[in-house]
Amino acid sequence: MEAFLIANIAPIMFGTLVLFLLCGFPVAFALAANGLFFGLVGIELGLLKPELLQALPNRIFGIMANDTLLAIPFFTLMGLILERSGMAEDLLDTIGQLFGPIRGGVAYAVIFVGALLAATTGVVAASVISMGLISLPVMLRYGYDKRLATGVIAASGTLAQIIPPSLVLIVMADQLGRSVGDMYKAAFGPGLLLTAMYAGYVLAVSLFKPHHAPALPPEARNLREPNGDSGIRSLLVLVAATVAASYAFAHWYEASHPDAHRDEVGIFSAALGIVGAFVFALANRYAKLGLLSRMAEKVVFVLIPPLALIFLVLGTIFIGLATPTEGGGMGAVGALVLALLNRRLTWPLLTQAMMSTTRLSCFVIFILIGSTVFALVFRGVNGDLWVEHLLTSLPGGSTGFLIAVNILFFVLAFFLDFFELAFILVPLVGPVAEKLGIDLIWFGVLLGVNMQTSFMHPPFGFALFYLRSVAPKEVKTSDIYWGAIPFVCIQVLMVALIIAFPQLVAVETRTDMTEEVELKIDAPADYGAPAEDGPPQLDFSTDEEKK
């Protein structure tokens, strides 16, 4: 029995952890308890030395001193302040009016606003609850299919998992030992592509089943001119002028700064165009120029403040002016300023947001401490080598490894939260991926898209529970579950596309700065023998110098 335990302690330790989690034991305590118990077992069996556990205090202090993790409470506070300040209501109302005349217009508005909220809040619960409270009654009132309406809301809310400033990407970068800024840049393209795929599904439904996604009736469109015109023409002219100004500035900036990075040029030019449009709308309102329609003016004043916050946070990170932690701090301050300008910043709002932020931050830190205890002992009993041998022996090389790991994450996402998956499994599979030559930034984005499904899985998806808590009684739980399945399939398809076409994730190719120089030491044939005129002369020149 003792020999069996010594030979198989790593798989037994991992299996015991899974058993504890399936029994519903709290994740942080399950991790720590398993680590300490098997640490004592390993010491008793002679596999570990007691001195190994003395490394735990240093590891825990290292977690507390990790500046990267400070971005989690900053971005969480920013998202909760924005969610409670009414920004989502204004966005959904305005964008719904904009897309209302077309079939599925409200569903398109939910997807667009979901992506925008993801880029400002980064919190799934805030996005799903806000859109469930605001847009679900509207869609049901005007004849949308219940499954389509609930599925669109749940799926759009989960975009906060992959579109920066996602909390998942912060944790993923920390666990893989990579830059959060690089992870954000790489995830932006897949996040936008996934948004487009959601919109494509709504388009297909509106074409093949038009009665499931009708347009808003004329009486529901209240942003009209006194003469009955929609005002879209004025908005299109403003958008065209903004794009032209940004394009011209980008050309001028590239010509005057030839060494400027593409991110820098794009962010500066887009920021100039957005600021110009906002200033023009302000002048039109207060000088009563009458050049913009009600629709155009409303879209500018509702859409540009969150866009400005996105540029403040992500723009400064992408061009290197701020770290993710500093960007999160600026985002939290910016959210407070926006709520104050909208006259919605109250003491109860601030208290609730700070309490929720503290609760989530403590949740993350406790899981991280528990996973550190587990990982220390697991590596001490060579569990990392067991996982490596298990995964590298799979058929198909790196492709087989990617397929197996993604199936594992997909199945475990039925039962585990994304934080738990990131802290338990990512440290185990990350080193194996690196040994197989897989870029860890690309790998992190791939797993981030996969872990997004953990919020959508029936019957345990958290986004489904959030939506169930605010959905009207006429919406059945089965409607929410069936509505989520097409979007889960879209997310799985996105995972397959990233594996099949790795270039979808824009990972920067970094130049290897190490230079291989062959050093030749030419010693005389009689080196070691006494020399008549002093020590022997050695030639330390390189091949390049000799040429």
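The first residue in the sequence is number 1, and the count goes up from there.
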So, [X] side chain and [Y] main chain: donor-acceptor pair closer than 3.5 Å or not?
{"X": "Gln452", "Y": "Thr158", "result": "yes"}
{"X": "Ser469", "Y": "Tyr466", "result": "yes"}
{"X": "Ser356", "Y": "Ala353", "result": "no"}
{"X": "Lys185", "Y": "Phe318", "result": "yes"}
{"X": "Ser156", "Y": "Gly114", "result": "no"}
{"X": "Lys146", "Y": "Ile480", "result": "no"}
{"X": "Thr325", "Y": "Asp67", "result": "yes"}
{"X": "Gln352", "Y": "Leu349", "result": "no"}
{"X": "Asp174", "Y": "Ile170", "result": "no"}
{"X": "Tyr144", "Y": "Pro214", "result": "yes"}

In the structure I gave you, are the side-chain heavy atoms of [X] and [Y] within less than 4.5 Å of one another anywhere?
{"X": "Leu368", "Y": "Leu69", "answer": "yes"}
{"X": "Lys209", "Y": "Asp145", "answer": "no"}
{"X": "Ile102", "Y": "Leu216", "answer": "no"}
{"X": "Val106", "Y": "Phe99", "answer": "no"}
{"X": "Arg468", "Y": "Thr150", "answer": "no"}
{"X": "Ile232", "Y": "Leu236", "answer": "yes"}
{"X": "Cys489", "Y": "Leu493", "answer": "no"}
{"X": "Ile441", "Y": "Leu176", "answer": "no"}

If you count every heavy atom of other residues, nucleotides or ligands that lies below 6.0 Å from [X] atom [atom1], does the total exceed 12?
{"X": "Met197", "atom1": "CE", "value": "yes"}
{"X": "Arg103", "atom1": "CZ", "value": "no"}
{"X": "Phe20", "atom1": "CZ", "value": "no"}

Practice item. In sequence, state the C-alpha distance, the side-chain angles, and the governing distance for Val152 and Tyr201, and then conclude on side chain to side chain contact (heavy atoms under 4.5 Å, CB included). Key: CA-CA 10 Å; Val152 164; Tyr201 173 73; 5.7 Å; no

For the atom pair [atom1] ([X]) and [atom2] ([Y]), what is the distance rounded to the nearest 0.5 Å?
{"X": "Phe280", "Y": "Thr242", "atom1": "CZ", "atom2": "OG1", "result": "9.5 Å"}
{"X": "Ser293", "Y": "Asn284", "atom1": "OG", "atom2": "CG", "result": "9.0 Å"}
{"X": "Leu193", "Y": "Leu504", "atom1": "CG", "atom2": "CG", "result": "6.0 Å"}
{"X": "Gln175", "Y": "Leu447", "atom1": "CD", "atom2": "CG", "result": "12.0 Å"}
{"X": "Arg359", "Y": "Thr76", "atom1": "CZ", "atom2": "OG1", "result": "12.0 Å"}
{"X": "Thr316", "Y": "Leu314", "atom1": "OG1", "atom2": "CG", "result": "7.5 Å"}

Point to revise | side chain to side chain contact (heavy atoms under 4.5 Å, CB included) between Thr346 and Thr351, worked out | key: CA-CA 9 Å; Thr346 62; Thr351 303; over 6 Å; no

Review point. How would you list all residue pairs meeting salt bridge (Lys or Arg N to Asp or Glu O under 4.0 Å) that involve residues 478-494, not counting sequence neighbours?
Key: Arg147-Asp479

Closest approach of [X] to [Y] (non-hydrogen atoms, all atoms of both residues):
{"X": "Ala187", "Y": "Leu169", "value": "CB-CD1, 3.5 Å"}
{"X": "Leu440", "Y": "Gly430", "value": "CD2-O, 3.6 Å"}
{"X": "Leu292", "Y": "Ser234", "value": "CA-OG, 3.4 Å"}
{"X": "Ala422", "Y": "Val171", "value": "CB-CG1, 3.6 Å"}
{"X": "Ala109", "Y": "Leu92", "value": "O-CD2, 4.3 Å"}
{"X": "Phe401", "Y": "Val429", "value": "CZ-O, 3.8 Å"}

Practice item. I would like to know whether Ile162 and Val168 meet side chain to side chain contact (heavy atoms under 4.5 Å, CB included); could you show each step before the answer? Key: CA-CA 7 Å; Ile162 192 62; Val168 172; over 6 Å; no

Practice item. Go through the steps to decide whether Arg344 and Asp90 satisfy the test salt bridge (Lys or Arg N to Asp or Glu O under 4.0 Å), and finish with yes or no. Key: CA-CA 13 Å; Arg344 289 168 174 168; Asp90 296 338; 3.2 Å; yes

Review point. Does the ring centre of Tyr198 sit less than 6.0 Å away from the ring centre of Phe487?
Key: yes

Practice item. Evaluate ring-ring contact (aromatic ring centres under 6.0 Å, His included) for Phe423 paired with Phe374, printing each intermediate quantity in order. Key: CA-CA 10 Å; Phe423 287 135; Phe374 179 83; over 10 Å; no

Exercise for review: Begin with the C-alpha distance, continue with both residues' side-chain angles, and end with the deciding distance and a verdict on side chain to side chain contact (heavy atoms under 4.5 Å, CB included) for Ile163 and Leu194.
Suggested key: CA-CA 10 Å; Ile163 295 180; Leu194 193 59; over 6 Å; no

Revision key, fill the gap. Applying salt bridge (charged side-chain N to carboxylate O under 4.0 Å, His left out) to Arg285 and not counting sequence neighbours gives Glu297

